[in-house]
Number of protein chains: 2
Amino acid sequence: MVRKTKEEAEQTRKELIQAARRVFHQCGVSRSTLEKIAKAAGVTRGAVYWHFKDKAALFFAMREDVFVPMVERTDALLFSEQFTNPLDAIEASIKEFFRVLEDCSVVREVFEIMISRCEYVDEFASVQEDVARPAQTFLAKIEGVYQQAAAKGMLRPGLSPLDAARDTWAFTSGVLHLMLACQKGSDLPQRIPDMISAHMAMRRCVAP
Amino acid sequence: MVRKTKEEAEQTRKELIQAARRVFHQCGVSRSTLEKIAKAAGVTRGAVYWHFKDKAALFFAMREDVFVPMVERTDALLFSEQFTNPLDAIEASIKEFFRVLEDCSVVREVFEIMISRCEYVDEFASVQEDVARPAQTFLAKIEGVYQQAAAKGMLRPGLSPLDAARDTWAFTSGVLHLMLACQKGSDLPQRIPDMISAHMAMRRCVAP
DNA sequence: GATTATAAACATTCATGGATGTATGTAAAA
DNA sequence: TTTTACATACATCCATGAATGTTTATAATC
């Protein structure tokens, strides 16, 4: 029983990516053998090598699946016209990011793999750049939005858009890493929305 | 030629740790074979197994060497009596942390290994807790110092010590990760002191 | 102070067990 | 009939850990 239909083949490809995620998450990337992944997907290594050049290619495919939609979602809020105050757009965007991370275990697993279960050397050195790039563009984006807030007089006086942006940039990265590194019993995830609110409150104009 | 003197043996132990750091940093922990490390130290695997139980033990020894002094240095500033304003103590402590990280390549390499060249599964799962613990205690420490600042009326009105502490906590973690993930050409390291100043300025009382 | 026994500080060898990549087989879809 | 979508089989390489060998510092003994 071989030679499936095109749709079935695409299905096994997807199942291989799911299996890879589970195995990567459990064993770490380097200790994840293609044999384990194949078995977890209910196929043999032959199938893996048919769909992917090697383990790195599988990893990239898995990553791409969740990374792109994530950026789209948060950007949609960041640049949304529905907020009269640009600071609200930033707050909503960051909150949405962590909401997805909290609610969707698939996304969370992929982020956990990328942050604490993969060694960024050799073939995977480029992955670190792929992760750093969105972070860089995120900085540029929120700096622009902070400038809009400043132009509207909605940014706290004495605070420059660039300083505010860099601080938010570091804050977001920090929350992400602390959240993914925190052990199971921690109540950090629940507190994240409040932390984001408090963070943004520091750059809002004081109530009259 | 074997059976060195006690001092010579201690020396090879230290050289094994240095070699492990170089090899871990270059190859990642999982691809660092004890053969490579031994050769880099000018000995054979026999020497490695004599001094360390296995690769994980070598890793822990390497980590301990730089982690403990780092905490001592920053705590000394954080709890120093030389600052009349507690916020200055926090600022000095965090700046010192990143100054060491920037100036001392040994420390930086170890942090880079722990953050982006090690997979936190199985024997190394505990490492992640070891890294998370100082972060947790750091949060508790700066919350205390922020409370002192509030008691002295030096914390910006409307800002709670706990919110300030959590925000600084995330900020510090974020800067650390962004700094270690940034590619060679980036000028982020130079800007870190200014980012810290700007971060702390947001929680100081406005000048009269 | 010289001798000797002990064990420290490694080097060398061996046995074992994977993991990878490729090559080949195969049955059904196109 | 050809090609797809795998499964199976094969060859190679390498990492680990333990076992054993070797030399010499060191301390106990005489």
Side-chain angles (χ1 to χ4, degrees), chain A residues 1-62 113 117-119 121-124, chain B residues 1-62 113 117-119 121-124:
Chain A
M1 27 62 177
V2 233
R3 177 55 180 170
K4 316 284 185 60
T5 173
K6 264 211 182 300
E7 297 82 43
E8 285 174 316
E10 181 59 22
Q11 179 62 20
T12 68
R13 196 193 116 98
K14 283 179 182 171
E15 277 172 18
L16 274 173
I17 291 182
Q18 312 289 348
R21 176 170 43 74
R22 291 198 302 273
V23 178
F24 283 160
H25 190 267
Q26 192 185 352
C27 309
V29 175
S30 69
R31 293 184 183 184
S32 295
T33 134
L34 295 185
E35 172 74 28
K36 280 184 194 168
I37 295 174
K39 195 165 287 183
V43 292
T44 67
R45 273 172 55 241
V48 179
Y49 278 106
W50 173 255
H51 285 283
F52 304 95
K53 180 177 169 286
D54 52 16
K55 203 204 284 185
L58 223 184
F59 181 91
F60 289 131
M62 174 201 72
I113 291 167
R117 288 162 163 85
C118 172
E119 299 179 2
V121 287
D122 301 332
E123 330 92 86
F124 291 99
Chain B
M1 27 60 174
V2 233
R3 177 57 183 170
K4 315 283 184 61
T5 174
K6 265 215 181 303
E7 298 82 43
E8 285 175 314
E10 182 59 23
Q11 178 63 21
T12 68
R13 195 193 116 98
K14 284 179 183 172
E15 277 173 19
L16 274 173
I17 291 182
Q18 311 288 351
R21 177 169 42 74
R22 291 198 302 272
V23 177
F24 283 160
H25 191 267
Q26 193 186 348
C27 309
V29 174
S30 69
R31 293 186 183 183
S32 295
T33 132
L34 296 185
E35 172 74 30
K36 280 184 194 169
I37 295 174
K39 194 165 287 182
V43 292
T44 69
R45 273 173 53 240
V48 179
Y49 278 107
W50 173 255
H51 285 283
F52 305 95
K53 179 177 169 287
D54 52 15
K55 202 204 289 185
L58 223 185
F59 181 92
F60 289 132
M62 175 200 72
I113 291 167
R117 289 162 164 85
C118 172
E119 299 179 3
V121 288
D122 301 333
E123 328 94 86
F124 292 99

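Convention: sequence-line order gives letters A, B, ...; per-chain numbering from 1. Being a predicted model, the structure only gives us computed values, none of them experimental.
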Give a yes/no on whether any side-chain N or O of B:His51 is located under 4.0 angstrom from OP1 or OP2 of C:dC10.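 Yes, B:His51 has a side-chain N/O under 4.0 Å of OP1/OP2 on C:dC10.
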At less than 4.0 Å, is any side-chain N or O atom of B:Thr12 found next to OP1 or OP2 of C:dA9? Yes or no. no
Side chain of A:Thr5 only, please: which of C:dA30, D:dA7, C:dA11 is the nearest?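 When the side chain of A:Thr5 is considered, C:dA30 is the closest of C:dA30, D:dA7, C:dA11.
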Distance in angstrom units between [X] [atom1] and [N] [atom2], rounded:
X       : N      : atom1 : atom2 : answer
A:Arg31 : D:dA15 : CZ    : P     : 15 Å
A:Lys6  : C:dA28 : NZ    : P     : 18 Å
A:Lys39 : D:dC6  : NZ    : P     : 18 Å
A:Gln11 : D:dT4  : CD    : P     : 21 Å
B:Glu8  : D:dT23 : CD    : P     : 17 Å
A:Trp50 : C:dG25 : CH2   : P     : 17 Å

Of the residues in residues 13-24 of chain B, which ones touch DNA chain C at a heavy-atom distance under 4.0 Å? none
When you check the side-chain N and O atoms of B:Glu7 and B:Gln11, is any donor under 3.5 Å from an acceptor?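 There is no such pair between these side chains.
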When you check the side-chain N and O atoms of B:Ser30 and B:Glu119, is any donor under 3.5 Å from an acceptor? no
Closest approach of B:Ile37 to B:Leu16 (non-hydrogen atoms, all atoms of both residues): CG2-O, 4.0 Å
So, using salt bridge (charged side-chain N to carboxylate O under 4.0 Å, His left out) as the criterion, who are the partners of A:Asp122 when residues are at least two apart?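 Salt bridge (charged side-chain N to carboxylate O under 4.0 Å, His left out) list for A:Asp122, sorted by chain: B:Arg31.
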Return the polar atom pairs (N/O with N/O) between nucleotides 20-24 of chain C and the protein under 3.5 Å, or none.
from, atom 1, to, atom 2, distance (Å)
C:dT20, OP2, A:Leu34, N, 3.3
C:dG21, OP2, A:Tyr49, OH, 2.5
C:dG21, N7, A:Arg45, NH2, 2.4
C:dG21, O6, A:Arg45, NH1, 3.4
C:dG21, O6, A:Arg45, NH2, 3.0

Start with the C-alpha gap between B:Tyr49 and B:Leu34, add the side-chain angles, then the distance that decides, and say whether side-chain contact (heavy atoms from CB on, under 4.5 Å) holds. CA-CA 9 Å; B:Tyr49 278 107; B:Leu34 296 185; 3.5 Å; yes
Around B:Gln18, counting heavy atoms of other residues, nucleotides and ligands shown, do more than 12 lie under 6.0 Å from its CD?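 It does: B:Gln18 CD has more than 12 such atoms within range.
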Taking CD in A:Gln26 as the centre, count heavy atoms belonging to other residues, nucleotides or ligands within less than 6.0 Å. Is the count above 12? no
Parallel under 30°, tilted from 30 to 60°, perpendicular over 60°: which one fits the rings of B:Phe124 and B:Phe59? perpendicular
Run the salt-bridge test on B:Lys39 and B:Glu35 with the 4.0 Å N-O cut-off and return the result as yes or no. yes
